[in-house]
2 protein chains.
Amino acid sequence: MNGNGNGTGNRNGRAAGASGVNLLALRSHNGALVLDLLRTAGAAGISRLELADRTGLTPQAVSKIIARLRTDGLVTEAGYRASTGGKPRTVLRLVPDAGHAVGLHLDRDALTAVVCDLTGAVVGERRAPLHLGAGADAVVESAAQEVEGLLAEGDAPLLGVGVALPGPLDHLHGVLHRVTGFPEWEGFPLRAALARRLRTPVVVDKDTNAAALRLAVALATHGSFAYIHLGTGLGAGLVFGGAVHRGARTRAGEFGHQVIQLDGPLCGCGNRGCIEALCLAAVARGDVDEAARVLGAGAANLVGLLDIELVLLGGRTVEEQPDVFVRGVGAMLDEWARLQGEEPYVPVRVASGGSLGVAEGAAQLLLAPLFGRADG
Amino acid sequence: MNGNGNGTGNRNGRAAGASGVNLLALRSHNGALVLDLLRTAGAAGISRLELADRTGLTPQAVSKIIARLRTDGLVTEAGYRASTGGKPRTVLRLVPDAGHAVGLHLDRDALTAVVCDLTGAVVGERRAPLHLGAGADAVVESAAQEVEGLLAEGDAPLLGVGVALPGPLDHLHGVLHRVTGFPEWEGFPLRAALARRLRTPVVVDKDTNAAALRLAVALATHGSFAYIHLGTGLGAGLVFGGAVHRGARTRAGEFGHQVIQLDGPLCGCGNRGCIEALCLAAVARGDVDEAARVLGAGAANLVGLLDIELVLLGGRTVEEQPDVFVRGVGAMLDEWARLQGEEPYVPVRVASGGSLGVAEGAAQLLLAPLFGRADG
DNA sequence: CCACTTAAGCAACGCTGTTGCCAAAGTGCA
DNA sequence: TGCACTTTGGCAACAGCGTTGCTTAAGTGG
């Protein structure tokens, strides 16, 4: 897709530390950068000179990069800007249909599948009931059939399939750990199984990470934020420098089992005083304010520890009473900021997304790398 | 120092998002990579072919890079390896005296200054009493005099001065926030003041970040760890991907004021249930086991949230009874791992370092960028 | 002594972004 | 209408990057 394939061009992909960069990698980096700016510009488009200004590259370099991207069919010229006293700028736009990716959201009881174009827009959608407990092979088969149904028309080239699902898993190898309540999934190589079945690249990640990735792409941020998801469980996706932080074993984000009440009430995980236990208990007894307060304390911990810029809230429970949570969490962050004696104003917002958010994020697992958003 | 100056070579350093890469940046990246491997190899040295293998670059590219570095005086040939059936490999070594950096540790009651060579080894050292409350100008002046005394011999080119001190501060601009107990420092532009006085580049950072940076460099890791410092206060330095994580406003690492006991005892910061409050109280009443347990709970939170690979403990209180803390924290991490049902073994160790650790880290604020360890 | 192996440099090359220059396409004033 | 000016963007030449192909250097081992 990007000319000479997938990038680094190094002889060995195994270099332990940081690895050397050659001209192919440089080309691919700058190309991705330009593509990302084109994507961000959306329908409004962007001119060569603006691209040069934003990337720090010379106009001539941008012209060459654009010429390559046009040859590859990723970019087109689309009209002209108004003149500012000279030749008017040429508007450039991403070609949305130059590539598609499928996003698959496997939840406990439902499956959602979307096809997204290069801009991340949903161009196709399917939903189906799902029983995660039905066994790995059955689930893989029905997921594969949904994907095939979605791709029936078969127009744009398919980059691959991203799968998002709950619970700890190994993102690098695409192997599940024990999905809470479904022990039969432990150790199942979902990525390999689905890739073999569909004969296409597959990437697997946690649902919270997928949601966070979608938000990072949608916000076009290279900064940091935390996406906190409160539904049947409590988890978080962390974004630093515009990339999802997955950690050494891709298990980061276990926000729900942060202990916030030493020797507190027992949690399902076996520990005591986890945020999730306190929060869900408060929700269960109808005390949403207290749930928001607990969540806010956890969010303040995040902000203090990691110095993130933004907190986004999502999940079924939050969506039921968004104002209560935004206010409650916001109040805790403001109080924390006040105690710090400074004005490190960290906004709290509800994450846009809706019911397709996670599936869109799953598709972004394949789209985002094209735009230089590395796998973290 | 590195040929054409400091790197990126872009026309503007202000690009908001990720920025474009040109050939100078590529050259500087690969050069830094090679230098880092040479530094890591230490006195044993490393051959061109090993460098090629480790970087993923071709042997010829490495030969060219080494030729440049030799011309710049950063690298020398130093003997030969035993033959393995052909021409023996040429051993290459970093030239330690190609550059020096000063590290300054300003503590509440003492000043420690070191000069380090390129390998990070201490080649000069001075200590002096210090009264942080004596006022900014007086402290800057006495610090400057210590630095000048240390550099009297004036041999190797000086890269600059790194300053590490407690309390929140703005690393990017080198401006202090309110140092606990010394309100007169709030807003003082330490970096600018010292740079003007000494006419040399100055970098300012928190003491915990400096200590963490020294450890990252010493361990030569590109992975992740947390350095937890327990002395008169409690703080942490976080390292992801071999780089110190400072966060959006360079205030990350406020580990001590993570709330771990909702509505717990009042902390000096005004909040309730901070780890620091619980931990210091336990230490004060002689219950070191409990202090270790609290610290361990906090460390488990870190590991769960960020999926780091290693926990390092340091600071005066830890050094007094290292075994108690290592065992206590380790027990909490093991228990946490057991509850996860997996074997994500996260080792706990005492951070080597001694009384010069922070000052050495301060020097690394200037040395590390030469070896590709960006300011993160 | 000679075949073989391994290390490292020389020369040519393809490709990168950059520089210098020029054509295209507007505006604005006389 | 004409001309000076501004701005955009491409063409051509270039320096410099890592790569490739080959040669030279310097060992081992029969």
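- Taking atom CD1 on I65(A) and atom P on dG9(D), their separation rounds to 15 Å, with Å as the unit.
- Between L24(A) atom CG and dT20(D) atom P the separation is 10 Å, expressed in whole Å.
- Taking atom CD of E77(B) as the reference point, atom P of dA25(D) lies 16 Å away to the nearest angstrom.
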Expected list for residues 32-52 of chain B: side-chain donor-acceptor pairs under 3.5 angstrom, two or more places apart:
from	atom 1	to	atom 2	distance (Å)
D36(B)	OD1	R39(B)	NE	3.2
D36(B)	OD1	R39(B)	NH2	3.1
R39(B)	NH1	V217(B)	O	3.1
R39(B)	NH2	V217(B)	O	3.1
T40(B)	OG1	D36(B)	O	2.8
S47(B)	OG	E50(B)	N	3.3
S47(B)	OG	E50(B)	OE2	3.1
R48(B)	NH2	E77(B)	OE2	2.9
E50(B)	OE2	S47(B)	N	3.2
E50(B)	OE2	R81(B)	NH1	2.6

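- Here S63(B) does not reach the OP1 or OP2 of dA8(C): none of its side-chain N or O atoms lies under 4.0 Å away.
- With sequence neighbours left out, the side-chain hydrogen bond (donor to acceptor under 3.5 Å, both in side chains) criterion links D205(A) to N209(A), R246(A).
- In this structure, T250(B) has no side-chain hydrogen bond (donor to acceptor under 3.5 Å, both in side chains) partners at least two apart in sequence or on a different chain.
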What does the list of N/O pairs under 3.5 Å between the protein and nucleotides 25-29 of chain C look like, with a distance for each?
from	atom 1	to	atom 2	distance (Å)
dA25(C)	N3	K87(A)	N	3.4
dG26(C)	N2	G85(A)	O	3.0

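- Each of K64(B) and L49(A) was assigned the nucleotide of DNA chain D with the nearest heavy atom; the assignment lying further toward the 5' end belongs to L49(A).
- For residues 88-97 of chain A, no pair satisfies salt bridge (Lys or Arg N to Asp or Glu O under 4.0 Å), with sequence neighbours left out.
- Between Q60(B) atom CD and dG16(D) atom P there is a gap of 17 Å when expressed in whole angstrom units.
- Taking atom CG of residue L57(B) and atom P of nucleotide dG18(D), one finds them 7 Å apart after rounding to whole Å.
- Across the protein-nucleic acid pair, I66(A) atom CD1 and dG9(D) atom P stand 10 Å apart, rounded to whole Å.
- At the phosphate of dG27(D), neither OP1 nor OP2 sits under 4.0 Å from any side-chain N or O atom of R81(B).
- Atom OH of Y227(B) sits about 13.0 Å away from atom CG of L213(B), to the nearest 0.5 Å.
- Here F240(B) pairs with F240(A), H245(A), H245(B) under the ring-ring contact (aromatic ring centres under 6.0 Å, His included) rule; sequence neighbours left out.
- A salt bridge links D307(B) to R249(A): one of the charged nitrogens lies within less than 4.0 Å of a carboxylate oxygen.
- Contact between the side-chain N/O atoms of R48(B) and the OP1/OP2 oxygens of dA7(C) is not found at any separation under 4.0 Å.
- Residue R68(B) has a polar side-chain atom (N or O) positioned under 4.0 Å from OP1 or OP2 of dG18(D).
- Regarding contacts with the backbone of dG9(D), a side-chain N or O of T90(A) is found under 4.0 angstrom from either OP1 or OP2.
- Rounding to whole angstrom units, CG of residue L23(B) and P of dT19(C) are separated by 11 Å.
- The distance between atom CG of L26(A) and atom P of dG16(D), rounded to the nearest whole Å, is 16 Å.
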